[in-house]
Protein chains: 2
Amino acid sequence: MTARQEKDPDLQRSLALLWAGRRRGSRGPRPKLSVEQIAQAAVRVADADGLEALSMQRVATELGFSTMSLYNHVPGKDLLLEVAADVAAGPPPDLAGAEDFRQAVRLWAGALWAGLRSRPWLLRVPLDHAPAGPNQLAWLDRLLRPLLAAGLVGGEARSAALHLTAVVRGTAQISLSTSSERKRADGLPHAGLTHAVTEFLDEEEYPALTAVHAAETGDQQSPDGDGLPFELSFGVDRFLDGIEGWVAARTSSG
Amino acid sequence: MTARQEKDPDLQRSLALLWAGRRRGSRGPRPKLSVEQIAQAAVRVADADGLEALSMQRVATELGFSTMSLYNHVPGKDLLLEVAADVAAGPPPDLAGAEDFRQAVRLWAGALWAGLRSRPWLLRVPLDHAPAGPNQLAWLDRLLRPLLAAGLVGGEARSAALHLTAVVRGTAQISLSTSSERKRADGLPHAGLTHAVTEFLDEEEYPALTAVHAAETGDQQSPDGDGLPFELSFGVDRFLDGIEGWVAARTSSG
DNA sequence: CGTTTTTATGTATGGTGTACGTAGTTTCTT
DNA sequence: AAGAAACTACGTACACCATACATAAAAACG
């Protein structure tokens, strides 16, 4: 991975090509590979052996082609990763059946959580700009709908959506471990914070930490059946409380 | 970077060594290198040229030693990265002067935001377990204090701390771009969500997105002077609203 | 038909992390 | 004092990585 050139127009055009699907000039031989095939193969590799196993060579052999042929369809590994991540994200959940905006948001968060749980390598994909793929944007759109419906205005809804995305991803990032967890008993969510270094905890230097550590992780599931673990559910619920209060205050005062 | 061995006890012991500082058996020649020197050199490299420039060879030449000599003090690049990240995190801010828990949390978030802004490569360090370094734990401890003081119990405080950490990091991750931003005009916060692909936005498929996109990013700073940008400040404030309501409800009812 | 464009392949370059062997240095044991 | 043992730094070597570039074949156009 050499230094990225990636002036912004460059990347923009590349992404555009990957959206529209790169119309071909119909002169040369018919391509036997496509961006979609390559991206799907990349997803297969990452699903099977993790992000660190995802190399150009590996994807190429997965498809039975030479390594360099990939570069006829994809400008480089970085872009391939973005496309693969978007493909792996898949379509967002349908929240039309939700009763209120709270449940819609919770369902959305639960779906994202489940997705990240089943594909932890998505958390390792380095993201260096706002979501740009069709699926990522669809997820964002589905989240914005209930937020707008709840009464948030544009900037607030955008901020809230960013907030929620960050919370789910961040919580998943340290709750679901991606590399070592697979080797251990698999599944169980790794006790939130700080189990390994407990013995070093100097009570004088980390009083709050030691106090909190005493409280055992209850491993409670959320009361509603949307699959949110407690660590995530509590924060999301408090946040939604705050959103509700905010719009209530505005609608009552003016 | 080959596959990681890292059974959990392994990593635990490695981390332990790096905490305690690896007592030497006093048999061989006195070492001229130390973990601290190496970590600081790594931080220097990352500060200067970004995470992708941080290689063992680069760190070694930075120190005027051979590449392989590093491995006498550090078991591998992954651990070096963790140590470097902890060193780069530095000590947490002192929140003793804050008036209430809200201001304390805001100050904390602002300090973290500023730190990530000045060292964006920290956002690229792959984190695969809970914070474990002394500085990281200190940051966590400082955040837990006001949360506990506000009236949260152990599990809630832990969840809230995780929530806030995730929010700041996640928001920074897509607001501060790390690789391409340095080349562009530098500084200005990249318009939150989705500027590049606006032309592809099909109104039928992304109605909420297009609606939100119309609302221009006001680029407002937060009202309080703690350096939080609006996108982050709004969410944090709503979250704190929710926390306040939560403890208020508990103290009044039980 | 030849020209032109596009695809797939092969080769080559400069980078990566790190396993391993060697030499030299210091301290502990005898 | 002499030897053994432990430890550090170094050099070499290997496997792998992304990708620049040249080559050859294939399809469509003039």
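Protein chains get the first letters and strands the later ones, always in sequence-line order, with residue 1 at the start of each.
- In summary, the side chains of His73(B) and Glu36(B) do not present any donor paired with an acceptor at a separation below 3.5 Å, with no hydrogens or angles considered.
- Here dA9(D) presents its P atom at 11 Å from CG of Leu63(B), a figure rounded to the nearest Å.
- For Gln173(B) against Leu123(B), the heavy-atom pair with the smallest separation is NE2-O, 3.1 Å.
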Enumerate all atom pairs, one protein N or O and one N or O from nucleotides 28-30 of chain C, separated by less than 3.5 Å.
{"unit_1": "dC28(C)", "atom_1": "O4'", "unit_2": "Arg27(B)", "atom_2": "NE", "d": "2.8"}
{"unit_1": "dC28(C)", "atom_1": "O4'", "unit_2": "Arg27(B)", "atom_2": "NH2", "d": "3.2"}

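- Atom P of nucleotide dT6(C) and atom CG of Leu33(A) are separated by 17 Å, given to the nearest angstrom.
- Under a 3.5 Å cut-off, the side chain of Asp86(A) and the backbone N or O of Asn135(A) do form a donor-acceptor pair.
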field: Full working for side chain to side chain contact (heavy atoms under 4.5 Å, CB included) between Trp108(B) and Thr165(B)
entry: CA-CA 10 Å; Trp108(B) 183 92; Thr165(B) 307; 3.6 Å; yes

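- Between the CG atom of Asn72(A) and the P atom of dA24(D) there is a distance of 17 Å, rounded to whole Å.
- Summarising the geometry, the separation between NZ on Lys77(B) and C1' on dC17(D) is reported as 12 Å, rounded to the nearest angstrom.
- Atom C1' of nucleotide dA18(D) and atom CG of Leu81(A) are separated by 12 Å, given to the nearest angstrom.
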message: What verdict does the salt bridge (charged side-chain N to carboxylate O under 4.0 Å, His left out) test give for Asp94(B) and Arg142(B), after you've listed the backbone C-alpha separation in whole Å, the side-chain angles of each residue and the deciding distance to 0.1 Å?
response: CA-CA 8 Å; Asp94(B) 183 18; Arg142(B) 278 341 164 271; 5.8 Å; no

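- Put simply, His73(A) has a side-chain N or O that comes within less than 4.0 Å of OP1 or OP2 on dA8(C).
- OP1 and OP2 of dT8(D) both lie 4.0 Å or more from every side-chain N or O belonging to Ser69(B).
- Ser175(A) and Glu231(A) are linked by a side-chain donor-acceptor pair at a separation below 3.5 angstrom, with hydrogens and angles left out of the test.
- Here dT6(C) presents its P atom at 18 Å from NZ of Lys32(A), a figure rounded to the nearest Å.
- Nearest nucleotide to the side chain of Tyr71(A), out of dT18(C), dA18(D), dA8(C): dA18(D).
- Spacing between atom CZ of Arg30(B) and atom C1' of dT25(C) amounts to 10 Å, rounded to whole angstrom units.
- Atom CG in Leu80(A) sits roughly 10 Å away from atom P in dA18(D) (whole-Å rounding).
- Remark: the Glu82(A) side chain and the His129(A) side chain contain an N/O donor-acceptor pair separated by less than 3.5 Å.
- In summary, Arg44(B) and Glu62(B) engage in a salt bridge, as defined by a charged side-chain N under 4.0 Å from a carboxylate O.
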Distances for protein N/O vs nucleotides 10-15 of chain C N/O pairs under 3.5 angstrom?
none

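- Across all strands, Phe65(B) comes closer than 4.0 Å only to sugar-phosphate atoms, never to a base (heavy-atom distances).
- Closest approach of Thr171(B) and Ala166(A) over heavy atoms only: N-CB, 4.1 Å.
- Each of Thr67(B) and Pro29(B) has a nearest nucleotide on DNA chain D; the 5'-most of these lies closest to Pro29(B).
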